[in-house]
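Per chain, numbering begins at 1; letters A, B, ... match sequence-line order. Bear in mind the structure is a predicted one, so any value in this text is a computation, not a measurement. As a basis for the values below, the full set of heavy atoms in this structure was taken, side chains included, without hydrogen atoms, waters or symmetry mates.
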Amino acid sequence: MTAALSVDSLWKIFGPRSDKIIGTPDAELSRADLKAKTGNVVGVKDVSFEVAPGEVFVVMGLSGSGKSTLVRLLTRLIEPTAGSVTLGGVDITNASEADLREVRRQKVSMVFQHFGLLPHRQVIDNVAYGLEVRGIAKKERRAKAGEIVDLVGLSGYEKSYPDQLSGGMQQRVGLARALAGDPEMLLFDEPFSALDPLIRRDMQNEVIRLHRELGKTMVFITHDLAEALKLGDRIMILRDGAIVQIGTPDEVVARPADDYVKDFVSEVPKAHVLTLKWVMREPRDGEAMDGPTLPVTTVVRQAARAAIASDAPIRVVDGDTLVGVVDEEDIMRVVVAEEEG
Amino acid sequence: MRTTRSRGARLGVLATAAVMVLSACGGGSIDEQTQANEEQAAEGGGECGDLNMAVNPWVGYEASAYVVGTVAQEQLGCTVNYKELKEDVSWQGFGTGEVDVVIEDWGHPDLEKKFFAEEGDGSAEDFGPQGNVGIIGWFVPPWLAEEHPDILDWENLNQYASEFETSESGGKGQFLGADPSYVQFDEAIVSNLDLDFQVVFSGSEAASIEAFRKAEENKEWVIGYWYEPQYFNAEVAMQRVSLPPYEEGCQDDPQDVACDYPETELKKIVGTEWAASDSTAVDLVRNFTWTNEDQNVVAGYIAADGMSPEDAAAKWIEENQDKVDAWLG
Amino acid sequence: MTATAPAPPRRVEPDAAPPVVEDSGISRWVPAAAVVVLWVVVWAFTRGTDTLDLPSLSRTDLHDRLTEIQNGLLEGRSTNPVMQFTNAIADAFRGTVDWLQRLLSKPAFPRPVPEIGWLGVTALATYVGLVVASWRIAVLVLASFLSFGVLGYWDQSMDTLIIVLISVLLAVVIGMPLAVWIGTNARANAVVTVFLDLMQTMPTFVYLLPIVLFFGIGTSAAVVATLIYALPPIIRIAGFGIREVPATTIEATDSAGQTYWQRLLKVQLPMARKTIIVGLNQTTLAALSMATLASFVDGPGLGKPVLQGLRVNDVGTAFVPGALIVVMAVMLDRTTTAASERSERVARGGGHRNPRLRRVVVAGGAVVALVAVYLSRTYVSLAEFPTYSIGRTISSGVSDVVDAIKDTFGGVTGGLKDGVTEGLLNPVQSVLADSPWYVSFVAIAALALVFGGVRALVITVVCLLGVLWLDLWNDAMVTLNMTLVATVLVMALALVFGVWMARDRRVDLGIRPLLDAGQTIPPFVYLIPVLALFGPGRFTAIVAGIVYAAPAAIKLVADGVKGVSPTTIEAGRSTGQTTWQEITKVQLPMAKGSLVLATNQGLLYVLSMTVIGGLVGAGALGFDVVYGFSRSEAWGKGAAAGLTIVLIGVMLDRITRAASDVRRDDGPGTRRAFSLRLPIGPPGN
């Protein structure tokens, strides 16, 4: 299966004559050194990755890590300095203005941190905006937008104006606007970081629900590790514009690529994230092998009860094959380590 | 919707009725007058056509312009357009047909050079004197002339110089210069006669009048550039200070002037094209001539009595129909 | 990371040094004082030498060369293709205005009256007010139109309206594309802003003559002059509005795949709408304020009677038409504002409580208006406004009041004039203008460096070199002196009244309408009584400048002080500060941005009155401009003086801007005001 999105050696350097830097030794300098030497700032540094259709791919990093720049490069809201982006089979980096517009209209939509709604338009017309710029007739696009408004739970607010809605509801409008065009892929640029925690949780669940129902490919930018772990099929961690690690949530937590990531994930409740894969071991000689079986993808926390209830170690299986065992003590080590931390 | 229409209609009827009542108490019919105008036009009574009369910015000029204009309009049926312009701009208008007549010209050699046929583009021509005699000179308010009669001779000015000092004159006596559009050599005269004065320009006729009026009321010391005909002289009879007498050629080089201003015959200047037309107003303007007293009367109506220029002109015409008849030939 | 625009992200690098602490405002005064002291010392030994003094009626070769340019154009006017073109445009303007005048204000031969009489025009205007705004506005419009007629200036008012409407229409047609351009392109913004600055500092008198040359006399010149003056506000303000549309919204809608035109028409223009309306209002008011000056080239309208008042030296004659200009300004401002608010309300579906009633009113109103038009075409008394004596009564009343004031205060005013002249004007002028030119040059440049840094220094040096080249150095110094002294007095007034207004709502309510009127009434109206009180001279010019500039400065200070956060004031009060401490230690320092802006505006407003000063004996550059406008042989000198005024304006503007640290400690309001450079305050906000 071909990738929904494929990014190859993508660079973005801000500043004068930025295109002259790539390929020279300067490109290897640290961000601060390059700034001091040339006045240029690296936004995204030699980034390559692929996203499979239907996958939720999370890009994670702190302020200034280049994640927002990266997501804008994907649809060329910002012009890349070098590298290529292929989205839904279209070479974005070399697309003409018209082709690019077509991609934005048909294939990909984006949800923004600060919503970016049109204050002079009603909810329904904000949602229908993408359809409007495609030239779809008013009646048709309003009907379509109405469905989407219902889908995101805003029924009854069609005629409201953005400034009459709460932040969470405004972001639902942003979500609806992105969905209205029925794109293949959704890009989220820290969509929930301006919302308060309870509403953020609701919206995250909403995204999970929509993903389950609609199965869209999603690229999700966030600075919140918990959010990344909760939503992501895979997580890519950026630092100073460069990739530090790409992996599944449990990979990232269990095997941080470096101290930077380690520091990051140290606060994560590991029992909630790690699967048995990361705690199981070879059976010892003489161990009872009649304990219950659990799939290798089971999260540690869920395995805890079974481990405590059983005298024998749990048998961890991948399909029908036994891949290892885990006993009460192994599990307690993860949980207790957490509490002490 | 039916109610709408009927209510709207009712409102309309109501308003119509109200206005009918209003109009019944005060109005002739426009149609009748339109018809009359058309008939008059058909008879060919309007041979005069348009008369574009420049109105330069001083009241005396305004008096001349409106008297001629009113006669042209009332007795020749011209459409008179008064154009309020400074001299320079007025002269520029001859070539484009925007101005036909400048009724009171105090002498502009530079403009004559540009627009008369001899040296310039020939768009303007001299239509002869209009009867007024322009007297330019140095004047003091009457109280000063009365209390210090010797001040009326320039040779005694220096002994009073300190009295004329103001905060504007930098330690010397202040000489009040005029509106910059006027012909004036006072800076040169002061320096060539070794007078201990500094020329401070009032900037406009209004500013000069205000200064003189205040000086006479409060017995303040003031000396300045002033002229005749000028309605203000009827209110405050400004007294002329004699300078070394004017001789032919003594004002040729502006830097070396050390003599008094000459008496100027005020002229009429007109557009060449207009003068060659068969407008009946051409002869009126050619024949127009009156005296300084006449002009001062009309200017006084306007400035002192606050009449509109039209009313002032009409009043004078009524009182002086014989003079007007002479212009009409 | 929040870099949402393609600009380098600005962040504090982890190991970068802490930001350099800016010099506080106070410390600048020390080097500034040193420069002044040094200047005075040098002046004491060198005064009177190399002052480049040029007698008022003398000219230099440069001035004569400039005059030659104008003469050359004048001689070739029948063959010059550019002038053929401008003449064709002028004819179009004349034709349009003439057509409208026959419709509204002058006899449409063979009819003895215009096509539509006063009743019809009033009814139509009221109806428009009712439909686009509200019944309140309709009443305002009705009252305004009736006042035009009742006070005896119906025809002139219609003429002014015609000129204003045509000019504003053209300003929108020309200005909006430029506004879009500068709103979407930073480089275009930088370039166009320079031209707008020049247009707004150039004294009108200077471009009146070239306009006459290219567009002829009368209505065409009036339209062009008004257009030039009215154009900058809409470009500036609408451009600002478009630029201000949040980047997120642009990005969000771009990512939906919109085209350039979809972005412009569906996002940028609608979101900038309110600001664009403000620009439109400012443009309208600017157009109105040109009404008097356009009369210098025979432009029709209310300016004519105002100038007539100046000519016969009667404040009453000028007052009534001047007040009608204010009435017209209020009417136009309120109507456009209300119309804009209403259209927004309707768009939001909150239009009318009773749509059926509305339909009845609209339809009925149309019928009434049409009937009124018909009647006004039929009966003379409904076509020509009946004559009332009330206008004259007001005129003579105003004259009497002014006379009484003159008689009462005649003695005091002389002392005030001499005090300010001897105590402030003469000493400063002596240092500025009696120093050798190179001493003043260096000293001014040094002060620019102290207050505005290197950028201000560069611009100041360029401007001063320009002044030097134009051969009017001494006059420029005298004018600069008057401008500085007047601005000091303006700021004194602004501080006193601004703080007072900010601290007491009732005072604000009472004073603000006066300030609004003061900003809109033509300066010629108050020039007459000021002249009568103080006589010709620099002081009179300064007073006129202060009257013109103070309202804007007072309002800016009042709004700035009012804008200080109440929390900060509360926090201050909780420490037990006195009222005086509260004003001097909290409110004024925190309103610093507004104070600098008020100074900036004060300087430019006062400077723009320089030419008016030339009419009342202030001499210097103002006199030169008037002289050049009056006598063709001196045209070049007038033009040079006009350019010199522009250079001084640019110099003062840049120094104050650079001094203000706009980027650092001012709120968005100040930055906004700086980039808009409102020419006149809207009456009532």
Side-chain angles (χ1 to χ4, degrees), chain A residues 12-15 31-32 35-36 39-41 43 61-69 72 75 77-79 97-98 100-122 129-134 159 161 174 177-178 180-181 187 189-190 221 223 238, chain C residues 1-19 184 186-187 241-242 244-277 340-351:
Chain A
K12 176 65 194 181
I13 301 179
F14 295 104
R31 197 184 248 193
K35 173 125 198 279
N40 288 329
V41 176
L62 297 179
S63 251
S65 62
K67 56 191 191 304
S68 282
T69 308
R72 282 167 175 73
T75 55
L77 284 173
I78 299 177
E79 288 293 331
E97 278 290 316
L100 189 61
R101 224 161 25 233
E102 234 12 69
V103 168
R104 290 179 185 170
R105 287 179 180 186
Q106 309 288 354
K107 292 187 185 291
V108 58
S109 298
M110 191 158 164
V111 180
F112 292 82
Q113 179 179 10
H114 298 294
F115 323 140
L117 301 179
L118 296 171
H120 57 286
R121 287 169 167 242
Q122 294 170 358
Y129 189 76
L131 303 171
E132 185 178 337
V133 299
R134 287 190 209 171
K159 304 258 180 233
Y161 283 82
R177 178 177 60 189
L187 307 179
D189 180 25
E190 302 201 43
I221 310 294
H223 65 256
L238 286 183
Chain C
M1 147 130 193
T2 51
T4 52
R10 267 210 316 257
R11 303 180 303 115
V12 178
E13 300 296 335
D15 27 51
T184 52
R187 201 166 301 167
I242 292 168
E244 222 189 13
V245 172
T248 316
T249 312
I250 300 285
E251 251 188 349
T253 47
D254 269 356
S255 77
Q258 64 192 351
T259 62
Y260 173 85
W261 287 104
Q262 285 172 332
R263 176 167 60 213
L264 183 63
L265 297 178
K266 291 172 190 284
V267 181
Q268 288 169 319
L269 291 183
M271 287 185 73
R273 215 194 72 185
K274 269 190 195 158
T275 319
I276 293 174
I277 297 287
S340 140
E341 279 165 8
R342 179 176 171 278
S343 72
E344 184 158 323
R345 231 177 21 247
V346 171
R348 283 189 155 226

Could you tell me if the side chain of [Y] sits less than 4.5 Å from the side chain of [X], heavy atoms only?
X: A:H120; Y: C:R273; value: no
X: A:V133; Y: C:T259; value: no
X: A:R121; Y: C:K266; value: yes

C:A186: side chain to side chain contact (heavy atoms under 4.5 Å, CB included) partners, not counting sequence neighbours:
none
Heavy-atom pair count under 4.5 Å with chain C, highest-scoring of A:E102, A:E132, A:R134:
A:E132
What part of A:L117 gets closer than 4.5 Å to chain C, counting heavy atoms only: side chain, backbone, both or neither?
backbone
Heavy-atom distances under 4.5 Å only: say whether A:V108 touches chain C with side chain, backbone, both or neither.
backbone
Work out which heavy atom in [X] is nearest to a heavy atom in [Y]; give both atom names and the distance.
X: A:P119; Y: C:M271; value: CD-CE, 3.3 Å
X: A:G116; Y: C:A252; value: O-CB, 3.6 Å
X: C:Q258; Y: A:R101; value: O-CD, 3.4 Å

Within a 6.0 Å radius of atom CD on A:E79, are there more than 12 heavy atoms belonging to other residues, nucleotides or ligands?
yes
With rounding to the nearest 0.5 Å, note down the distance linking CE in A:M110 to CG in C:D254.
11.0 Å
